[in-house]
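The block underneath contains the structure these notes are about, expressed in structure tokens.
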There are 2 protein chains.
Amino acid sequence: MVAKQAPEKRRRLVDAAATLFYEQGFNRTTLADIAGEADVPLGNVYYYFKTKDAIGEAMVEQRLSDFRALRARWEERGDARDRLRSFVRMTVDNRRQLARSGCPIGSLALELHEADPAVRERLAENFTAWVAAVRGCYEEAEERFPAGTDVQALAELTLTVMEGGVMQARTHRDIGPFDRGVEQLRRHIDLLTQAHEERNAA
Amino acid sequence: MVAKQAPEKRRRLVDAAATLFYEQGFNRTTLADIAGEADVPLGNVYYYFKTKDAIGEAMVEQRLSDFRALRARWEERGDARDRLRSFVRMTVDNRRQLARSGCPIGSLALELHEADPAVRERLAENFTAWVAAVRGCYEEAEERFPAGTDVQALAELTLTVMEGGVMQARTHRDIGPFDRGVEQLRRHIDLLTQAHEERNAA
DNA sequence: GTCTATATGTGGATAGAC
DNA sequence: GTCTATCCACATATAGAC
């Protein structure tokens with residue numbers, strides 16, 4: 001009956017790793033840090049993970065499955081615009097932390113460089129899943145865009161702008177570049193739909 | 001007369017650091033690596049730099065002054081479109097390496113996290129200088145944009161799209177996201193100028 | 001100014017008691 | 001399954017001869 005505590009500890013370690021990797025980066029976070037944050041003795045860590053890289057892998061995988069669960073809940077709501085709005089609110093609420101610590105996926109992706117291929121692939125999966133979710137929103141509003149609009153490219157651009165914006169924001173210690181990037185993206189979409197409507201009106 | 005070799009060695013170290021930090025990242029590059037690449041004995045490194053961070057600082061500063069020199073040469077050419085084109089060609093020629101190793105400034109910016117404030121500020125200066133150069137190009141073509149167009153925001157967006165695109169390209173090991181991002185940016189600018197011209201024609 | 005040899009500290013990882 | 005004590009490798013940094 002006490003046996004069920006084991007996975008719970010593992011989970012605590014993964015969560016602690018997620019927090020610390022995000023706030024201080026992978027390299028600057030020691031196993032001792034993680035163990036301390038999770039309130040687990042250092043030696044015990046190796047019962048759950050063979051190496052530090054394995055923790056990284058587990059953490060990125062956790063993020064991916066969390067996102068998938070979140071997305072599943074999203075998809076239940078019928079309205080695409082509503083979904084997109086709730087998503088935008090989510091990131092806007094995080095603006096400050098984004099400006100300070102960047103994107104938890106993007107930062108890791110650049111920090112790990114060549115390191116562990118398994119981790120890199122899961123990071124890529126995270127990006128792919130995110131783009132797919134946004135693409136779904138655009139797709140459902142497809143009739144508002146000109147015929148032949150590449151919604152995949154548009155969804156990718158959305159992630160691109162946010163990642164690029166967050167990177168500059170963090171480097172400048174100023175949220176401005178992020179906000180202005182998002183604003184420009186909004187205008188781009190306005191221009192697209194506007195151009196379409198004008199053509200329809202003609 | 002042999003005394004003038006000293007600064008030359010220092011320069012070799014900085015160049016070696018630039019290459020290695022770019023290809024393997026800051027943390028994974030050891031001082032021994034740098035000394036080896038520069039063909040300088042390890043112990044000698046400390047004659048030129050007090051710490052590893054100091055090398056990072058010198059390297060980022062070097063990049064900044066190199067860019068400023070390049071920009072000065074650019075500005076000599078009168079035509080803004082010509083300048084922008086030569087710049088675009090420069091990055092397009094680097095597409096493959098960008099997809100593999102990312103942006104040398106952006107990667108460092110995310111890797112160093114909180115680490116050294118001095119380095120972070122110089123990285124920010126690099127971004128600022130780059131945006132200013134691009135902004136100059138847009139500014140000279142200002143009459144092609146609708147009145148009140150925020151060229152600063154447009155220049156920032158250009159960097160944003162490239163950084164975001166390169167980040168995804170590197171993570172996916174596929175240049176596609178970068179190329180598509182740049183293409184979307186081009187369309188955005190097309191839409192802007194087009195909208196302007198249509199209004200002028202009316 | 002240049003370089004060898006080495007100190008020092010840190011952090012990932014293991015052995016083995018409980 | 002849990003945890004303490006410790007090993008060991010490695011990377012930064014220094015001491016000091018030349």
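Lettering follows sequence order; numbering is per chain, from 1. Side chains included, hydrogens not; waters and symmetry mates left out as well; all remaining heavy atoms used.
Screening residues 55-65 of chain B for side chain to side chain donor-acceptor pair (under 3.5 Å), with sequence neighbours left out, gives B:Glu61-B:Arg122, B:Gln62-B:Asp66. Sequence neighbours left out, the pairs with a member in residues 18-46 of chain A that pass ring pair (Phe, Tyr, Trp, His ring centres under 6.0 Å) are A:Phe21-A:Phe26.
Checked against side chain to side chain contact (heavy atoms under 4.5 Å, CB included), B:Ala155 has the following partners two or more places apart in sequence or in another chain: B:Val131, B:Val134, B:Arg135, B:Tyr138. Legend: residues meeting salt bridge (charged side-chain N to carboxylate O under 4.0 Å, His left out) with A:Glu140, ordered by chain and number and at least two apart, are A:Arg83. Legend: residues meeting side chain to side chain contact (heavy atoms under 4.5 Å, CB included) with A:Ala129, ordered by chain and number and at least two apart, are A:Leu64, A:Phe67. Applying the side chain to side chain contact (heavy atoms under 4.5 Å, CB included) test to B:Ala58 and every residue at least two apart in sequence or in another chain returns B:Arg10, B:Val14, B:Phe49.
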Whether each nucleotide of nucleotides 11-18 of chain C has a protein heavy atom under 4.0 Å at its base (B), only at its sugar-phosphate (S) or at neither (-) is summarised, 5' to 3', as SSBB----
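Using a 4.0 Å cut-off between charged nitrogen and carboxylate oxygen, A:Asp116 and A:Arg120 do not count as a salt-bridge pair.
Sorted by residue number, the list of members of residues 14-25 of chain A with any non-hydrogen atom under 4.0 Å from DNA chain C is empty.
Atom P of nucleotide C:dC3 and atom CG of B:Asn44 are separated by 5 Å, given to the nearest angstrom. Between B:Ile55 atom CD1 and D:dA11 atom P the separation is 14 Å, expressed in whole Å.
Applying the 4.0 Å criterion to OP1 and OP2 of D:dG1, one finds that A:Tyr47 has a side-chain N or O inside that range. At the phosphate of D:dT2, OP1 or OP2 sits under 4.0 Å from a side-chain N or O atom of A:Tyr48.
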Only pairs under 3.5 Å count here: list side-chain donor-acceptor contacts from residues 170-177 of chain B, not counting sequence neighbours, and write none if there are none.
residue	atom	partner	partner atom	Å
B:Arg170	NH1	A:His113	NE2	3.4
B:Arg170	NH1	B:Ser101	O	3.2
B:Arg170	NH2	A:Ala109	O	2.8
B:Arg170	NH2	A:Leu110	O	3.1
B:Thr171	OG1	B:Met167	O	2.9
B:His172	ND1	B:Gln168	O	3.2
B:His172	NE2	A:Ala124	O	3.3
B:His172	NE2	A:Thr128	OG1	3.2
B:Arg173	NH1	B:Arg170	O	2.5
B:Arg173	NH2	A:Glu114	OE1	3.4
B:Arg173	NH2	A:Glu114	OE2	2.7
B:Asp174	OD1	B:Gly176	N	2.9

